[in-house]
Amino acid sequence: MGIDGPGGVGKTTLATRLASALERAAQRSASVRFDDFFKNSAERWTGVAHEKPIGSDFDWERLLEQVLMPIREGQPAKCPRFDWNADALAKTCELAPGGVVIVEGVYSPRKELARLYDLRIWVECPRELRLARGIERDGEAARDRWESEWMPDLDRYIIEHRAREAADFVVCTGAD
């Protein structure tokens with residue numbers, strides 16, 4: 001299952017709630033954060049901003065090779081964690097095959113990966129609320145990046161990957 005949507009819409013909250021509901025129903029589940037597939041600073045795009053490939057700060061190919069393909073083939077998957085302070089991959093956990101695997105994060109069910117998900121959920125909320133949640137989470141110092149970089153990048157992704165249209169379900173969140 002892939003949970004996608006712009007920053008600040010509540011993807012992580014939804015993934016956590018779904019995992020809890022599955023556990024209560026005695027269904028084994030595991031969650032994978034696409035943020036753990038963030039590239040270190042040496043691997044990220046350094047070219048002209050408007051030429052930046054969609055989602056290029058995230059290593060979707062590693063997600064494909066280390067998680068999605070092994071799970072689809074009934075094999076254990078490796079899920080490295082990204083240490084944001086160290087700007088590097090840290091410890092790696094292993095996901096056993098079987099059960100429900102929830103992959104959450106913007107760009108996680110991008111068009112190159114969409115066919116590998118049995119279920120795709122798109123989460124959205126008003127732009128102003130997304131920005132407010134992002135600033136609350138990341139601090140006022142991140143406002144310019146939210147407004148001039150992250151939100152425009154996500155707008156491009158939504159259009160070019162037809163992300164909302166590709167979802168099986170759309171979840172709209174509102175005020176907390």
Side-chain angles (χ1 to χ4, degrees), residues 1-16 19 30-73 75-96 101-117 120-123 127 130-163 166:
M1 170 187 317
I3 300 177
D4 194 7
V9 296
K11 296 177 300 294
T12 303
T13 299
L14 178 59
T16 301
S31 293
V32 176
R33 293 174 28 119
F34 196 47
D35 282 356
D36 284 330
F37 290 82
F38 198 67
K39 294 179 179 177
N40 68 42
S41 57
E43 298 174 310
R44 289 194 300 267
W45 178 262
T46 57
V48 180
H50 72 273
E51 295 175 359
K52 181 179 178 180
I54 291 175
S56 63
D57 290 339
F58 294 89
D59 195 343
W60 65 266
E61 290 155 324
R62 187 162 39 90
L63 175 70
L64 172 66
E65 294 166 7
Q66 294 181 352
V67 177
L68 297 178
M69 290 307 296
I71 290 296
R72 295 287 295 189
E73 296 168 359
Q75 301 295 318
K78 303 264 188 242
C79 187
R81 302 285 185 217
F82 188 78
D83 182 330
W84 293 82
N85 293 324
D87 188 31
L89 294 177
K91 66 179 182 175
T92 299
C93 68
E94 189 169 293
L95 302 175
V101 176
I102 302 168
V103 180
E104 68 86 7
V106 66
Y107 309 120
S108 59
R110 57 185 292 134
K111 64 184 176 186
E112 295 89 347
L113 305 175
R115 66 180 169 72
L116 297 170
Y117 291 95
R120 292 175 308 248
I121 299 172
W122 177 261
V123 186
R127 190 176 191 85
R130 289 175 32 213
L131 178 60
R133 287 174 175 172
I135 300 304
E136 182 179 329
R137 182 186 66 206
D138 301 334
E140 186 61 41
R143 178 180 294 276
D144 182 58
R145 288 196 77 190
W146 268 93
E147 293 177 329
S148 65
E149 184 181 338
W150 297 330
M151 293 178 95
D153 285 352
L154 289 167
D155 292 341
R156 246 182 74 224
Y157 166 66
I158 293 166
I159 293 166
E160 292 181 26
H161 281 244
R162 299 177 42 91

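Below, all heavy atoms of this structure are taken into account, side chains as well, without hydrogens, waters or symmetry copies. In this chain, numbering begins with 1 at the start of the sequence shown.
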Measure the shortest side-chain to side-chain distance between [X] and [Y] over non-hydrogen atoms and say whether it is less than 4.5 angstrom.
X      : Y      : answer
Phe82  : Asp87  : yes
Pro6   : Met151 : no
Met1   : Ile121 : yes
Arg127 : Asp155 : yes
Phe37  : Val32  : yes

Kindly give the heavy-atom pair with the smallest separation between [X] and [Y], and that separation in Å.
X      : Y      : result
Pro80  : Asp36  : O-CB, 3.3 Å
Tyr157 : Ala163 : CE2-CB, 3.7 Å
Asp83  : Ala86  : OD1-N, 3.0 Å
Leu131 : Glu147 : CD2-OE2, 3.4 Å
Arg115 : Arg120 : N-NH1, 4.4 Å
Ile135 : Ala142 : CD1-C, 4.2 Å

Quiz item: Is Arg133 salt-bridged to Glu136, cutoff N-O under 4.0 Å?
Solution: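 Judged by the 4.0 Å cut-off on N to carboxylate O distance, Arg133 and Glu136 do not form a salt bridge.
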Quiz item: Does the pair Asp57/Lys39 count as a salt bridge with the N-to-O cut at 4.0 Å?
Solution: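 Here Asp57 does not pair with Lys39 in a salt bridge, since their nearest N and O are not under 4.0 Å apart.
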Euclidean distance, [Y] [atom2] relative to [X] [atom1], rounded to 0.5 Å:
X      : Y      : atom1 : atom2 : value
Leu113 : His161 : CG    : NE2   : 9.5 Å
Asp153 : Arg145 : CG    : CZ    : 9.5 Å
Lys52  : Thr46  : NZ    : OG1   : 10.5 Å
Arg110 : Ile54  : CZ    : CD1   : 7.0 Å
Ser148 : Arg143 : OG    : CZ    : 11.5 Å
Leu116 : Ser108 : CG    : OG    : 12.0 Å

Quiz item: Please walk me through it: do Arg62 and Leu89 pass side-chain contact (heavy atoms from CB on, under 4.5 Å)?
Solution: CA-CA 12 Å; Arg62 187 162 39 90; Leu89 294 177; 3.6 Å; yes
Quiz prompt | Criterion side-chain contact (heavy atoms from CB on, under 4.5 Å) on Val103 and Leu68, from CA distance to verdict | solution = CA-CA 9 Å; Val103 180; Leu68 297 178; 4.2 Å; yes
Practice problem: May I ask you to decide if Gly5's main-chain N or O and Lys11's side chain share a donor-acceptor pair within less than 3.5 Å? | Solution: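 At least one qualifying donor-acceptor pair exists.
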Exercise. Kindly indicate, with the supporting measurements, whether the criterion ring pair (Phe, Tyr, Trp, His ring centres under 6.0 Å) is fulfilled by Phe34 and Tyr107.
Key: CA-CA 8 Å; Phe34 196 47; Tyr107 309 120; 7.2 Å; no
Self-check item: Any residue meeting salt bridge (Lys or Arg N to Asp or Glu O under 4.0 Å) with Arg33, in chain and number order, not counting sequence neighbours
Solution: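 Arg33: salt bridge (Lys or Arg N to Asp or Glu O under 4.0 Å) contacts with Asp35.
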Quiz item: Heavy-atom count around Arg162 CZ within 6.0 Å, excluding the residue itself: above 12?
Solution: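 Counting other residues, nucleotides and ligands, CZ of Arg162 stays at 12 neighbours or fewer.
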Exercise. Could you pull out all residues at least two apart from Trp60 that satisfy ring-ring contact (aromatic ring centres under 6.0 Å, His included)?
Key: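 So Trp60 forms no ring-ring contact (aromatic ring centres under 6.0 Å, His included) with any residue.
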Exercise. Take Asp59 and Phe38 through the side-chain contact (heavy atoms from CB on, under 4.5 Å) test and state the conclusion after the steps.
Key: CA-CA 6 Å; Asp59 195 343; Phe38 198 67; over 6 Å; no
Self-check item: Derivation of the side-chain hydrogen bond (donor to acceptor under 3.5 Å, both in side chains) call for Asp4 and Tyr117
Solution: CA-CA 12 Å; Asp4 194 7; Tyr117 291 95; over 6 Å; no
Practice problem: Give the C-alpha distance, both sets of side-chain angles, the deciding distance and a yes or no for side-chain contact (heavy atoms from CB on, under 4.5 Å) between Leu154 and Arg130. | Solution: CA-CA 12 Å; Leu154 289 167; Arg130 289 175 32 213; 4.2 Å; yes
Practice problem: Please determine which of Glu65, Gln66, Glu94 meets the side chain to side chain donor-acceptor pair (under 3.5 Å) test together with Lys78. | Solution: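 Among Glu65, Gln66, Glu94, the one meeting side chain to side chain donor-acceptor pair (under 3.5 Å) with Lys78 is Glu94.
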